[in-house]
Structure formats: C-alpha cells, structure tokens
Amino acid sequence: MTERRCEQCENCFSHVESVYCSKAVKNCNKRHTPFLLTCAKCKEVRYCSRICQKAQWKEHKSACIAHVRILAAVKFLGPRVERTFKAFSKFSKAVSGYLEVPAISALELHKGKHRVNTHVFVLKIRAKETIFYKDNNVTKGCITFKVEGAECRTMAQMHEFLDWRAGPLSTPDVTERTLAHRPGLLRIFVLDTSGLLPIPLDGYTLPTDISNWPSTYHLRYDENWMESLLESIGQRKDTPQTMDGGLSGTEFQTIDEPTIPPARPSSPTG
C-alpha cells in the first residue's frame with residue numbers, strides 16, 4: 001500500500017500559483033511558491049524548500065522509510081509487477097482530480113463535516129495487460145484500467161481491511177497516517193482487483209486537502225454520483241478506460257536480458 005500526498009508543501013501548505021487560484025471553485029490560501037521540491041527518497045511528498053523539508057522530517061521519516069521499502073519490493077518482484085505498479089500509480093494520480101466531488105456525495109458529507117475523518121471513499125478498478133508484440137527477448141504491450149465501482153467505508157471497516165496487509169509493518173497507526181496524515185483530509189483509497197499486483201501493492205491512497213474549499217462544499221450532494229464519475233472520466237459502462245489526457249493506457253516495452261552463469265576459475269585457487 002502506498003500513498004500520495006497533496007500537491008502543496010507539507011510543512012507550510014504553500015503551492016504554485018495557477019489559474020485556479022482565482023477561481024471560485026476553491027479558496028486560495030494566498031501562500032504561493034515558485035516551485036515545489038519532491039522528496040528524493042519516496043518521491044511522493046512535496047516541499048517548497050529544504051528548510052520546510054528539514055522541519056517536517058521527524059513526522060515524515062517513518063512513512064518515507066516504509067515507502068522506500070515498497071519501491072524496493074516492487075523492483076524485487078520482477079518486471080511485470082514493476083510496470084503494472086507504475087501504471088497503477090500513474091492512473092491513480094491522473095484520476096484523483098475526478099474523485100473529489102463524487103467522494104463528497106458518496107461519504108454523505110451533507111450529514112456533517114465530521115464524516116471526512118470517519119469515512120473513506122474506496123474506488124475499485126481492474127488492470128488489464130495486453131501484449132501487442134513478443135519475439136525472443138522483446139515484449140511490447142499496454143496496461144489499461146477500468147473503474148468497476150466505488151463505495152463508502154467506515155474507518156473501522158478500513159482498519160479491518162488494511163491493518164494486516166503489510167505484515168509486521170501494518171499497525172492501526174500506520175493505517176490512520178496512510179489514509180490521512182493530518183485531520184481534515186478527504187480520505188480516498190484506490191484498490192486494484194485484477195490480481196496482477198500482490199498485497200499490499202494493489203492499494204493506493206490519495207489523501208486530499210480540502211481546507212481551501214468553500215465553507216459550504218459539504219452540502220453538495222449528487223445521488224447519481226457514480227454515473228457522474230464515469231461520465232467525467234469518459235468511461236461507458238462495460239468498457240475499458242481509454243480516455244486521453246492522462247487517463248489512457250500505459251504502454252511498455254521490456255527487453256529480457258540473457259541469464260549469464262557465474263564465472264568459475266579454470267583451476268583451483270589457493
């Protein structure tokens with residue numbers, strides 16, 4: 001299970017100014033920075049400066065180490081798992097912007113803002129690997145994803161589901177910090193049901209900062225939120241996801257290196 005933090009500095013919450021800062025959809029906190037740096041180890045958390053990174057390191061350290069271990073496990077499990085996980089991560093990040101509004105309806109936040117801390121929006125998708133060409137040691141193909149469904153789960157249900165998935169590394173505290181590393185974040189969890197990815201690599205968390213949303217955001221409710229979600233990402237029922245603009249399939253090409261046996265000395269060595 002991996003995590004993706006918000007696109008802002010995790011210490012001071014500053015962000016790169018864009019055209020959306022002047023939009024009425026979200027309220028800009030007026031904290032702007034020319035650029036954001038990415039943690040070189042986990043490649044997930046963003047900072048506006050080294051000063052902010054050092055200030056937040058104590059809080060980020062355990063999550064960073066855990067994520068580095070996950071990346072090492074991905075590489076160890078072979079090229080198929082590695083390319084599927086990369087495509088899974090890419091798709092999860094690309095679809096994240098389409099999940100915020102449906103999640104508000106699915107979590108029924110109109111019943112109370114407190115539900116953002118007690119409920120999780122779970123998106124179920126299915127990966128499919130298609131091989132276009134395979135000859136000798138060269139393989140070309142594409143990995144696509146289809147949204148199969150989504151639902152609202154309580155934190156108690158998520159603890160029952162997640163607390164054991166990473167073995168000794170899994171604890172209730174890790175589950176809490178992975179789904180939302182600070183209070184007030186919209187908790188979104190993407191789950192791949194294809195079986196191509198082993199546990200816990202089949203889960204991807206998308207904690208989303210909604211502190212800069214209008215004060216009445218939670219009152220928005222769409223009883224047809226699932227249909228609206230599928231329409232927004234360009235997916236029709238019973239069809240694979242093929243939309244352009246970041247949600248298309250991920251193509252790959254692998255070249256299998258020949259296995260070379262270890263060299264042996266031609267004569268005994270003393």
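Positions are given from 1 along the sequence.
- In terms of heavy-atom proximity, Phe189 sits nearest to Leu179 at CD1-CD2, 4.1 Å.
- Connection of Phe88 to Phe76 is established within a shared hydrophobic cluster, with ILVMFWY side chains joined at heavy-atom distances below 4.5 Å, either directly or through further cluster members.
- By the criterion of side-chain heavy atoms lying less than 4.5 angstrom apart, applied directly or through intervening Ile, Leu, Val, Met, Phe, Trp or Tyr residues, Leu196 is not grouped with Val95; the two fall into different hydrophobic clusters.
- Using a 4.5 Å heavy-atom threshold, the side chains of Met158 and Glu160 count as separate.
- Side chain of Glu10 to main chain of Gln56: no donor-acceptor pair is present (N/O by atom type, distance under 3.5 Å, no hydrogens or angles).
- Not a single donor-acceptor pair under 3.5 Å links the side chain of Arg220 to the backbone N or O of Ile104.
- Among all heavy-atom pairs drawn from Leu109 and Val116, the shortest one is CD2-N, 3.7 Å.
- Around the CG atom of Leu219, the shell of radius 6.0 Å holds more than 12 heavy atoms that belong to other residues, nucleotides or ligands.
- Between the OG1 atom in Thr171 and the NE2 atom in His159 there is a gap of 9.5 Å [rounded to 0.5 Å].
- Atom CD of Glu231 has 12 or fewer heavy atoms from other residues, nucleotides or ligands within 6.0 Å.
- Residue Phe132 holds its CZ atom at 12.5 Å from OG1 of Thr139, rounded to the nearest 0.5 Å.
- You'll find the side chain of Phe161 reaches within 4.5 Å of the side chain of Leu191, heavy atoms only.
- Residue Cys152 comes nearest to His119 through the heavy atom pair SG-CD2, 3.6 Å, listed as atom of the first residue, atom of the second, then distance.
- Counting non-hydrogen atoms of other residues, nucleotides and ligands closer than 6.0 Å to NZ of Lys54 gives a total of 12 or fewer.
- There is no side-chain donor-acceptor pair under 3.5 Å between Ser105 and Asp222.
- At a threshold of 4.5 Å between side-chain heavy atoms, the hydrophobic network of Ile, Leu, Val, Met, Phe, Trp and Tyr places Val190 and Met226 in one connected group.
- Atom SG of Cys64 and atom CD of Glu59 lie 12.5 Å apart (nearest 0.5 Å).
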Apply side-chain contact (heavy atoms from CB on, under 4.5 Å) to residues Ile131 and Glu129 and explain how you reach the verdict. CA-CA 7 Å; Ile131 303 299; Glu129 182 180 78; 3.9 Å; yes
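- The minimum heavy-atom distance between Ala127 and Phe145, with the atom names listed, is CB-CE2, 3.3 Å.
- To the nearest 0.5 Å, the span separating OH on Tyr204 from NZ on Lys90 amounts to 13.0 Å.
- Atom-to-atom distance recorded for Leu230:CG and Asn224:CG is 11.5 Å, nearest 0.5 angstrom.
- Summarising the geometry of Leu201 relative to Val81, their closest heavy-atom pair is CD1-CG1, 4.0 Å, with the distance given to 0.1 Å.
- The distance from atom CG of Leu186 to atom CG of Asn117, rounded to the nearest 0.5 Å, is 10.0 Å.
- Using modelled atom types, one side-chain atom of Thr208 and one backbone atom of Leu206 make a donor-acceptor pair closer than 3.5 Å.
- Tyr217 and Phe13 fall into different hydrophobic clusters, defined by Ile, Leu, Val, Met, Phe, Trp and Tyr side-chain heavy atoms under 4.5 Å apart, directly or through other members.
- At distances below 3.5 Å, at least one donor-acceptor pair connects side-chain atoms of Ser232 with backbone N or O atoms of Leu229.
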Go through Met155 and Arg187 one step at a time and tell me if the side-chain contact (heavy atoms from CB on, under 4.5 Å) criterion holds. CA-CA 10 Å; Met155 279 301 296; Arg187 303 166 188 233; 3.3 Å; yes
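- No donor-acceptor pair closer than 3.5 Å links the side chain of Asp192 to the backbone N or O of Gly203.
- Arg165 contributes no side-chain N or O that, together with a main-chain N or O of Ile199, makes up a donor-acceptor pair within less than 3.5 Å.
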Trace of the side-chain contact (heavy atoms from CB on, under 4.5 Å) decision for Thr118 with Thr154: CA-CA 6 Å; Thr118 59; Thr154 65; over 6 Å; no
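- The only member of Lys146, Lys124, Glu148 that meets side-chain hydrogen bond (donor to acceptor under 3.5 Å, both in side chains) when paired with Thr193 is Glu148.
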For residues 36-43, tabulate all N or O donor-acceptor pairs below 3.5 Å that involve a side-chain atom, not counting sequence neighbours.
from: Thr38; atom 1: OG1; to: Arg46; atom 2: NE; distance (Å): 3.1
from: Lys43; atom 1: NZ; to: Ala40; atom 2: O; distance (Å): 3.1

Test side-chain contact (heavy atoms from CB on, under 4.5 Å) applied to Val74 and Lys86, step by step: CA-CA 9 Å; Val74 169; Lys86 287 182 178 180; 6.0 Å; no
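- When all heavy atoms of Val45 and His60 are compared, the pair lying nearest together is CG2-CE1, 3.2 Å.
- Leu77 has its side chain within reach of Pro198: a pair of non-hydrogen atoms, C-beta onward, lies under 4.5 Å apart.
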